[in-house]
Number of protein chains: 2
Amino acid sequence: MTRPRAQTRIQQKNSEAILEAALEVFSQSGFRGATLDQIAEKAGLSKPNLLYYFPSKEAIHAALIAGLLKVWLDPLRELDAGGEPVEEILAYVRRKLQLSRDFPRESRLFANEILQGAPRILEAITGELKPLVDEKSAVIAKWMAEGRLAPLEPHHLIFSIWATTQHYADFDVQVRAVLGHEDDRHFSQAEEALVILYRRTLTP
Amino acid sequence: MTRPRAQTRIQQKNSEAILEAALEVFSQSGFRGATLDQIAEKAGLSKPNLLYYFPSKEAIHAALIAGLLKVWLDPLRELDAGGEPVEEILAYVRRKLQLSRDFPRESRLFANEILQGAPRILEAITGELKPLVDEKSAVIAKWMAEGRLAPLEPHHLIFSIWATTQHYADFDVQVRAVLGHEDDRHFSQAEEALVILYRRTLTP
DNA sequence: CCTTGACTTGACCATATGGTCAGAAATTCC
DNA sequence: GGAATTTCTGACCATATGGTCAAGTCAAGG
């Protein structure tokens with residue numbers, strides 16, 4: 001009877017190192033493009049040792065995706081039906097942009113997955129994301145019906161928020177190349193622009 | 001002296017079939033994820049025969065990318081400094097959305113490339129895209145200075161247009177899953193929503 | 001110190017993959 | 001029809017890759 005004892009410090013440390021390395025590699029190359037050797041090297045472990053902590057490449061990827069979904073949905077969950085409509089939407093935009101700035105690799109991991117047809121997370125999307133979006137869309141539609149927001153199809157409004165904010169993580173290379181920036185200063189410019197854009201669009 | 005004679009019908013037909021198949025595969029799996037066997041099968045050719053027409057996997061990808069850039073930049077080129085500002089921008093939005101609807105694979109090929117750090121097209125971006133964006137941004141800034149457009153940092157305006165329109169191609173799976181659509185009807189809804197969004201944002 | 005169990009690794013395997021090559025089949029040209 | 005040229009293919013190769021395994025190392029408890 002090997003009952004699972006609490007994670008040892010070594011387990012904790014190495015699992016973290018693996019997931020950190022895997023995030024780096026998967027987000028840059030996609031699932032098929034990533035190799036265990038790359039991940040192992042970045043994690044500072046041997047390949048067999050990787051496979052001591054995770055049973056397969058799939059499992060590493062699955063662990064990352066699982067941890068990702070919650071973080072990715074939370075900003076929308078926080079949209080408060082009781083708040084002031086325009087400010088609630090703007091706060092959501094800011095939270096999403098924040099994620100792009102602070103967790104660009106997670107954003108790209110997600111983008112890679114969707115781009116490739118979402119084979120590993122389609123059920124999570126229809127099972128979790130869709131209901132949440134429908135719920136919040138109803139809230140937004142109500143605000144619009146009450147005249148507290150200018151009318152705009154709520155689903156497409158949400159899509160546009162996802163698109164404009166995630167763009168700064170997913171297309172980071174392009175954004176930097178076009179702006180000619182090295183640093184992250186464009187994020188505050190982006191926030192300013194997006195806040196103006198959505199305020200004008202949504203103020204009744 | 002084998003001087004290159006004009007392409008035969010067979011060459012024409014097979015090269016096209018290969019590029020068509022490669023577009024399908026590269027756009028779905030990225031460069032590293034795609035395999036010559038997949039491309040060969042989709043093109044209805046044997047792998048050695050593929051390599052009779054193109055010297056390497058790289059070359060096939062390069063041929064696709066080269067053909068892509070022009071199509072991708074043209075809609076922005078058409079932005080006319082002599083036109084009516086708001087309508088010019090809206091026409092640009094419509095053209096970009098049109099591309100997402102009609103050439104989603106090309107959009108995803110591009111997205112894959114950028115996501116993975118744009119190793120094969122970064123120079124094209126800084127060499128062609130950036131100057132074009134800077135030029136058109138100047139036009140837009142001028143319109144804003146003249147009071148013919150509401151002010152908004154032009155580069156970020158353009159980013160937002162790219163993001164919102166390409167989203168419908170790149171994140172197609174997610175869009176469909178959230179909306180629950182099978183068909184393409186959401187494209188006309190998207191156009192309506194984006195036109196409203198940018199009209200409100202930009203009308204002085 | 002020594003046993004126990006967690007941790008680590010070199011060597012290895014089967015398969016996939018990009019690419020080559022000699023020659024066969026088709027096509028074109030005279 | 002037959003030579004010349006283009007098109008095509010089976011067999012093959014070197015390397016990369018996900019994964020296994022037996023045996024080793026190491027840390028902690030007794």
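Since this is a predicted model, take the numbers as computed values, not measurements. First the proteins, then the strands, lettered A, B, ... as listed; each starts at 1.
- Residue Tyr52(B) places at least one side-chain N or O closer than 4.0 Å to OP1 or OP2 of dT7(D).
- Evaluation of the side-chain contact (heavy atoms from CB on, under 4.5 Å) rule for Glu135(B) yields Leu132(B) as partners, not counting sequence neighbours.
- With sequence neighbours excluded, no residue satisfies side chain to side chain donor-acceptor pair (under 3.5 Å) with Gln98(B).
- End-to-end axis angle of the helix from dC1(C)-dG30(D) to dC30(C)-dG1(D), using five pairs per end and rounding to 10°, comes to 10°.
- dT9(D) atom P lies 14 Å from atom CD of Glu41(B), rounded to whole Å.
- For the pair Ile89(B)/Ile140(B), a side-chain contact is recorded, criterion being any heavy-atom separation below 4.5 Å from C-beta on.
- The salt bridge (Lys or Arg N to Asp or Glu O under 4.0 Å) pairs that include a residue from residues 159-172 of chain B are Asp172(B)-Arg176(B), where partners are two or more places apart or lie in different chains.
- Evaluation of the side chain to side chain donor-acceptor pair (under 3.5 Å) rule for Tyr168(B) yields His156(A) as partners, not counting sequence neighbours.
- Put simply, Asn49(A) has no side-chain N or O that comes within less than 4.0 Å of OP1 or OP2 on dC7(C).
- The stretch residues 156-169 of chain B participates, sequence neighbours left out, in no salt bridge (Lys or Arg N to Asp or Glu O under 4.0 Å) pair at all.
- Whole-Å rounding puts the Lys13(A) NZ to dA6(C) P distance at 17 Å.
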Practice task
Scan nucleotides 22-30 of chain D nucleotide by nucleotide, 5' to 3', and note B when protein non-hydrogen atoms come under 4.0 Å of the base, S if they reach only the sugar-phosphate, - if neither.
Solution key: ---------

In a table with atom names and distances, give each donor-acceptor pair under 3.5 Å that connects a side chain of residues 37-46 of chain A to protein atoms at least two apart or in another chain.
{"from": "Gln38(A)", "atom 1": "NE2", "to": "Thr35(A)", "atom 2": "OG1", "distance (Å)": "3.2"}
{"from": "Ser46(A)", "atom 1": "OG", "to": "Asn49(A)", "atom 2": "N", "distance (Å)": "3.3"}

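- Residue Tyr53(A) is classed as a sugar-phosphate contact, given heavy-atom separations below 4.0 Å to backbone atoms only.
- Checked against side chain to side chain donor-acceptor pair (under 3.5 Å), Glu106(A) has no partners two or more places apart in sequence or in another chain.
- Remark: Glu24(A) pairs with Arg105(A) by the side chain to side chain donor-acceptor pair (under 3.5 Å) rule, at least two apart or across chains.
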Practice task
Using a 4.0 Å cut-off on protein heavy atoms (strictly under), produce a 5'-to-3' string for nucleotides 11-26 of chain C with B for base contact, S for backbone-only sugar-phosphate contact, and - for none.
Solution key: B-----SBBBB-----

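- By the ring-ring contact (aromatic ring centres under 6.0 Å, His included) test, Phe26(B) is found to be paired with Phe31(B), His61(B), residues two or more places apart in sequence or in another chain being considered.
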Problem - salt bridge (Lys or Arg N to Asp or Glu O under 4.0 Å) between Glu87(A) and Arg199(A), intermediate numbers included - result: CA-CA 9 Å; Glu87(A) 294 311 317; Arg199(A) 198 185 287 288; 2.9 Å; yes

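- In this structure, Asn14(A) reaches the dT8(C) phosphate: one of its side-chain N or O atoms is under 4.0 Å from OP1 or OP2.
- Regarding contacts with the backbone of dT7(D), a side-chain N or O of Gln11(B) is found under 4.0 angstrom from either OP1 or OP2.
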